[in-house]
Amino acid sequence: MERTPITVHRISPSGGRRVTIRVGGVDTVLGVAYGDRDLVEFLRRIDLPDPEELVLGDSVAIGWQDDPAHVYETQEAPPDE
């Protein structure tokens, strides 16, 4: 299975998701995103065209690891009633 060039990793226990890009077989950390706005900014800084469309349009170039797309904090389960 081929990896996507941009990976949004699983949510960290403290919140946020590490974002990496793979170019030439090498992963580079772009930063930790705490929302879609951060992710768009990371992609803008590396001069990708239409970063908002990539993120908000759910591009196949972005792989969301383990947790749902566009979620950056763990969701606590509601208490049992």
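- Under the 3.5 Å distance criterion, the side-chain polar atoms of T4 are left unmatched by any main-chain donor or acceptor of T7.
- Between the side chain of R17 and the backbone N or O of G35, no donor-acceptor pair lies under 3.5 Å.
- The same ILVMFWY cluster, assembled from side-chain heavy atoms under 4.5 Å apart, contains both L30 and L48.
- In this pair, H70 and W64 present their aromatic rings tilted. The plane angle is within the 30 to 60° band.
- L54 and V23 fall within a single hydrophobic cluster, where Ile, Leu, Val, Met, Phe, Trp and Tyr are joined by side-chain heavy atoms under 4.5 Å apart, directly or via other members.
- Atoms CG and CD1, from L39 and I62 in turn, are 5.0 Å apart once rounded to the nearest 0.5 Å.
- Looking at D36 and L56, their side chains come closer than 4.5 Å, going by heavy atoms from C-beta outward.
- Atom CD of E73 has 12 or fewer neighbouring heavy atoms from other residues, nucleotides or ligands inside a 6.0 Å radius.
- Here R37 does not pair with E41 in a salt bridge; the nearest charged N to carboxylate O distance is not below 4.0 Å.
- Under the 3.5 Å distance criterion, the side-chain polar atoms of D67 are matched with a main-chain donor or acceptor of I11.
- In terms of modelled atom types and a separation under 3.5 Å, the side chain of R44 and the main chain of E52 share no donor-acceptor contact.
- There is a path of hydrophobic side-chain contacts, each under 4.5 Å, that joins I46 to V19.
- Atoms CD and CG, on E53 and D58 in that order, are 9.5 Å from each other to the nearest 0.5 Å.
- Transitive grouping of hydrophobic side chains (ILVMFWY, heavy atoms separated by less than 4.5 Å) brings Y72 and F42 into a common cluster.
- Evaluated for a side-chain contact (heavy atoms from CB on, under 4.5 Å) with V55, the options D50, V40, I6, V8 yield exactly one hit, V40.
- Closest approach of P5 and A61 over heavy atoms only: CD-O, 3.4 Å.
- A salt bridge links R22 with D27: at least one charged nitrogen is closer than 4.0 Å to a carboxylate oxygen.
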